[in-house]
**Student:** 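Below you will find the structure I want to go over with you.
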Number of protein chains: 2
Amino acid sequence: MNKIGVSIRDVARETGLSTATISRVVNGGRKVSEKTRARVLEACARLDYLPNPAARALSTRRSKAVAAIIPTIEHSVFAKFIAAIERALGERGYSLIMAISNADETEELAAARKLLGMGADALILSGLDHSDLLLDMLERRAVPYVFTSAWDARSARPTIGYDNALLAERAMHHLADHGHRRVAVVHGPLAESDRTRARRAGAMSVSDRFEHLAFFEAPLDVAGGKACVSAALEDPRDFTAYLCSTDVLALGAYFACAEAGKRIPQDVSVMGFDNLDWSRDIVPPLTTIDLPAVGMGEMVAHRIVAYLEDGAPLQNELLTAQIIERGSVADLT
Amino acid sequence: MNKIGVSIRDVARETGLSTATISRVVNGGRKVSEKTRARVLEACARLDYLPNPAARALSTRRSKAVAAIIPTIEHSVFAKFIAAIERALGERGYSLIMAISNADETEELAAARKLLGMGADALILSGLDHSDLLLDMLERRAVPYVFTSAWDARSARPTIGYDNALLAERAMHHLADHGHRRVAVVHGPLAESDRTRARRAGAMSVSDRFEHLAFFEAPLDVAGGKACVSAALEDPRDFTAYLCSTDVLALGAYFACAEAGKRIPQDVSVMGFDNLDWSRDIVPPLTTIDLPAVGMGEMVAHRIVAYLEDGAPLQNELLTAQIIERGSVADLT
DNA sequence: TGTTGAAATGTAACCGGTTACACCGCACCT
DNA sequence: AGGTGCGGTGTAACCGGTTACATTTCAACA
C-alpha cells in the first residue's frame, strides 16, 4: 500500500473495472476507450491514488533511478555536472541517486554496492580508473555504466568527456605562444585521479617549448593552491606563469600572489581549468579552459536514458572545450 | 530477478533450506543456527546472490532512500550540507535521492512529487516556506519530513537549523561594536528565500545602532555581489562596511573592491555568512559566520533515520553558529 | 520415560503492481 | 447467416522478497 493505503485494486473496485485496465490507463497504454480512461482518471484523482514504485519496479525490473558517484561535490565543476545530470534525468522521469567517493577507490566500490543495492538502473562514474572489483561487479550484474569527465578513444568501455591530456597540451601551447618559457604546473594529487595524470602528461608532452617546466602537486582546494604557489613564488627558476589544473587551485594562486604582493598578470600569469562561475568576475578575470560540465551532464543523462529505453548502445563521446582568454595571462612576446 | 537472475529461491534450492531461512540469514535475523548461517552465507557468495531491492521495499514498505530538495548545489554551503547528509545516511545504510529546486516553489513541488513517486521514505526540505500543495501532499501521504537551514521555535513542523535572524543580528552587532555606523547589507532575492528574509529582518532589528543602514538585493552569485557592491561603492552614504548574506556575495564584494581600488579592510570592511572553504585563504581572510552545514547535515540524517527506525519524533533542533573573526572588518573605535 | 518449551526451520499468504493471454461483443464482409 | 478481425476488457500468473504462524527438533527436567 502507499501511505494512505490506496492501491490499484481500490481503484479497480471503485470503478468496477479490473486492475489491468487501471494499470493501462495509468501508464498511458493505448488500448483503453476514452470513456473508461476518463472514469479511471477521475477515480484516481478522487482517491488520491499513487502507484507504488516498489511494486512497479518489481514487476518491470526498472527503478527509473540512475546512480552517480563523484569524487567531490564541493566548490568544483562536479557540482555543475551533477546538477545538470539531475535536471536532465528529471525531465525524462528519472531520478538521481548520488554518492561521493572522496576520490578513493575503496569508497567508490562501497558506494557502487550501495547504489546498485538500492536498485539503480545504471551507474555514472567519474574518470577512467576504477577498482577491478567494481568493474567485475558491473560486468557480472550487467549494469549499464559510463565513465565521465574523461575520454579515451581506445577505451573498450564507454567514456563521455573531454580529452584532458589534449586540453592541458593546448593550455601549455597557449602559454608558450604568449612567450612564457618558465612555467609551473600546479595540480591535485596524482594518486587520486587519472584526469590529473592525463593533464600532467599532456602538459609534459610539450616540454620542449619551455626552458623550465615544473610540476607541483597540491591538495585539491584553495588552501592547497595557495600554499603551493606561495612556495613556488620563491623558486629560483622564477616562473612567469602558473597553469593550475583547476580554477579552485587558481583561486589559491591569486591569493598567494596577493599575499606576496605579486600582480597578475604584470608579475605573474595564472591560467586555470574548469571555468567556474566566478572565473570571469575575479580581478583580473581568469584565463581558463571552459569545461563543458553542463553539456556533459546532459549528454550523459540522455545517453543513459536512451540506452535504458531504446537500447541505444553507450559509446565514447568526445566533448570539446575552449580556452577562454581573459586577463590573467600576460603576453611576453 | 536481479541482473544475473539469482533469487532467494535459488539460494534456498541450493542449500536445501526454505526462503524464510535465507531471508533471516541475509537480514541478520536472530533465530538461525550458526551452522545454517554459515552454509547460507557460503551459498550466497558462491551464487553471487543480491537481494532485489524492489521486492524488499514492496514487502517491507521501506525503500531505505531519503530524498532531499535543495535550492542549488553550486558553490555554496548547500554542497557541504548535502555531502554531509549523503555520508551520514550512507553510514546507516540509507541512500540519498536529490533534486534541485532552483529556489522555485513550483519546481520544488514537482521535485517532491517525483521523489516521493520514487518511493523515498522521508523528505528533507530547505527553509520554512513551501507551497501549500506540497505541505498538503506530505500530510495526506504521511511522509516524514524536516525543514532545514532554518529554525523556528514556534513552528509546528520540525525545523533543524540555525536562527538566521539572530545570526544576522549578531553580525550587525559585531559591525557596530567595531565602530561601523554606515553599513550596507547585501543579500539574495527576497522573494526566493525565507532565510534571506529572516536575515534581513534580523539585521533590520538593530537599525538603531546605525546612522545609515541600506539593503541591497543582488542575484545570489559572485557576479551579483560584485555588481551590487561596485554600485554601492559610489553611494554618497559612503558605507564603511558591507554585510553579505553569503560568502559567495562577499567574494563578489572583494572583487568589486579590487576593481575600484578600495582596500579591505582599510577602506571598506566586508563580512560574510557561511564560512566557505576559501574564506580563510582569501586576502585578507574573511570575517564571517561559520554555519554548521556539516553538523546540520549529520543531525538531519540522524534524526530522520532515528524516526524511520525507532519512531523517535522529529523535533525542532537549534544549531549554533559562531562569528569567525578574521581580517576583513576594521576596528574603527 | 514422558513432558515441556525454546530454538530452528518450513509453509504460504501477502506486498501492489504488470502483462500475456483469453475472451467478448460488434462492425463489416462474403 | 456465418465468418473474420479487432478494439476493449478481464483473469491470473508472475516479479522476489518478508513474516505470521505452524511445525519439527531436541535438550532439560520431573
Side-chain angles (χ1 to χ4, degrees), chain A residues 1-41 43-44 47-65 93 116-119 121 141 309, chain B residues 1-41 43-44 47-65 93 116-119 121 141 309:
Chain A
M1 62 165 189
N2 63 41
K3 296 299 168 25
I4 52 174
V6 178
S7 82
I8 197 169
R9 296 182 222 267
D10 296 316
V11 182
R13 192 172 324 111
E14 183 76 12
T15 53
L17 294 160
S18 72
T19 61
T21 301
I22 311 301
S23 176
R24 283 189 276 258
V25 170
V26 169
N27 295 300
R30 309 265 44 256
K31 343 170 76 175
V32 189
S33 74
E34 271 317 313
K35 192 173 306 181
T36 308
R37 176 190 308 282
R39 195 149 55 97
V40 170
L41 258 15
C44 287
L47 298 179
D48 197 19
Y49 165 67
L50 293 150
N52 179 315
R56 186 175 265 175
L58 179 58
S59 80
T60 60
R61 276 140 249 241
R62 281 275 148 89
S63 68
K64 296 210 125 195
L116 264 14
M118 295 291 309
D121 289 338
R141 303 182 64 177
E309 314 245 289
Chain B
M1 62 163 192
N2 64 41
K3 297 299 170 23
I4 53 174
V6 178
S7 83
I8 197 169
R9 297 183 220 266
D10 297 317
V11 181
R13 192 173 324 112
E14 183 77 10
T15 53
L17 294 160
S18 72
T19 62
T21 301
I22 311 302
S23 176
R24 283 189 276 258
V25 170
V26 169
N27 295 299
R30 310 264 44 255
K31 347 169 76 173
V32 189
S33 74
E34 271 317 313
K35 192 173 305 181
T36 307
R37 175 191 309 283
R39 195 149 54 97
V40 170
L41 257 16
C44 286
L47 298 179
D48 199 16
Y49 165 67
L50 292 151
N52 179 316
R56 185 174 265 174
L58 179 57
S59 80
T60 60
R61 277 139 249 240
R62 281 276 147 88
S63 68
K64 296 210 125 196
L116 264 14
M118 295 291 308
D121 289 338
R141 304 182 64 176
E309 314 245 290

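Not measured: the values here are computed from a predicted model.
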**Student:** Decide side-chain contact (heavy atoms from CB on, under 4.5 Å) for Ser7(B) and Asn52(B); before the verdict, give the C-alpha distance in whole Å, the side-chain angles of both, and the deciding distance to 0.1 Å.
**Tutor:** CA-CA 8 Å; Ser7(B) 83; Asn52(B) 179 316; over 6 Å; no
**Student:** Mind calculating the distance between CG (Leu47(A)) and C1' (dG17(C)) to the nearest angstrom?
**Tutor:** 16 Å
**Student:** Using only side-chain N and O atoms of Arg56(A), determine if any of them is under 4.0 Å from OP1 or OP2 of dT18(C).
**Tutor:** yes
**Student:** Rounded to whole Å, please give me the gap between CZ in Arg9(B) and P in dG17(D).
**Tutor:** 8 Å
**Student:** Could you tell me which residues satisfy side-chain contact (heavy atoms from CB on, under 4.5 Å) with Ala57(A), sequence neighbours excluded, listed by chain and number?
**Tutor:** Ala54(B)
**Student:** Under the rule for side-chain hydrogen bond (donor to acceptor under 3.5 Å, both in side chains), what residues qualify as partners of Ser33(A), not counting sequence neighbours?
**Tutor:** Thr36(A)
**Student:** In the structure I gave you, are the side-chain heavy atoms of Glu14(B) and Val6(B) within less than 4.5 Å of one another anywhere?
**Tutor:** no
**Student:** For Leu58(B) and dC14(C), what is the distance between atoms CG and C1' respectively, to the nearest whole Å?
**Tutor:** 9 Å
**Student:** For nucleotides 8-10 of chain C, tabulate all protein N/O to nucleotide N/O atom pairs closer than 3.5 Å, reporting atom names and distance.
**Tutor:**
unit_1: dT9(C); atom_1: OP1; unit_2: Ser33(B); atom_2: OG; d: 3.4
unit_1: dT9(C); atom_1: OP1; unit_2: Thr36(B); atom_2: OG1; d: 2.4
unit_1: dT9(C); atom_1: OP2; unit_2: Ser33(B); atom_2: N; d: 3.1
unit_1: dT9(C); atom_1: OP2; unit_2: Ser33(B); atom_2: OG; d: 3.4
unit_1: dT9(C); atom_1: OP2; unit_2: Thr36(B); atom_2: OG1; d: 3.1
unit_1: dG10(C); atom_1: OP2; unit_2: Ser18(B); atom_2: N; d: 2.7
unit_1: dG10(C); atom_1: OP2; unit_2: Ser18(B); atom_2: OG; d: 3.1
unit_1: dG10(C); atom_1: OP2; unit_2: Thr21(B); atom_2: OG1; d: 3.0
unit_1: dG10(C); atom_1: N7; unit_2: Arg24(B); atom_2: NH2; d: 3.0
unit_1: dG10(C); atom_1: O6; unit_2: Arg24(B); atom_2: NH1; d: 3.4

**Student:** Test Val25(A) against every option in Leu17(A), Leu41(A), Val11(A), Thr15(A) by the side chain to side chain contact (heavy atoms under 4.5 Å, CB included) rule and name the one that passes.
**Tutor:** Leu41(A)
**Student:** Has Asn52(B) got a side-chain N or O lying under 4.0 Å from the OP1 or OP2 atom of dC15(D)?
**Tutor:** no
**Student:** How close or far is atom P of dA7(C) from atom NZ of Lys35(B), stated in whole angstroms?
**Tutor:** 18 Å
**Student:** Rounded to the Å, how far apart are Ile8(A) CD1 and dC15(C) P?
**Tutor:** 14 Å
**Student:** Of all heavy-atom pairs between Val26(A) and Tyr49(A), which one has the smallest distance, and what is that distance?
**Tutor:** CG2-CE2, 4.0 Å
**Student:** Take atom CZ of Arg61(B) and atom C1' of dT18(D), then tell me their distance rounded to the nearest Å.
**Tutor:** 10 Å
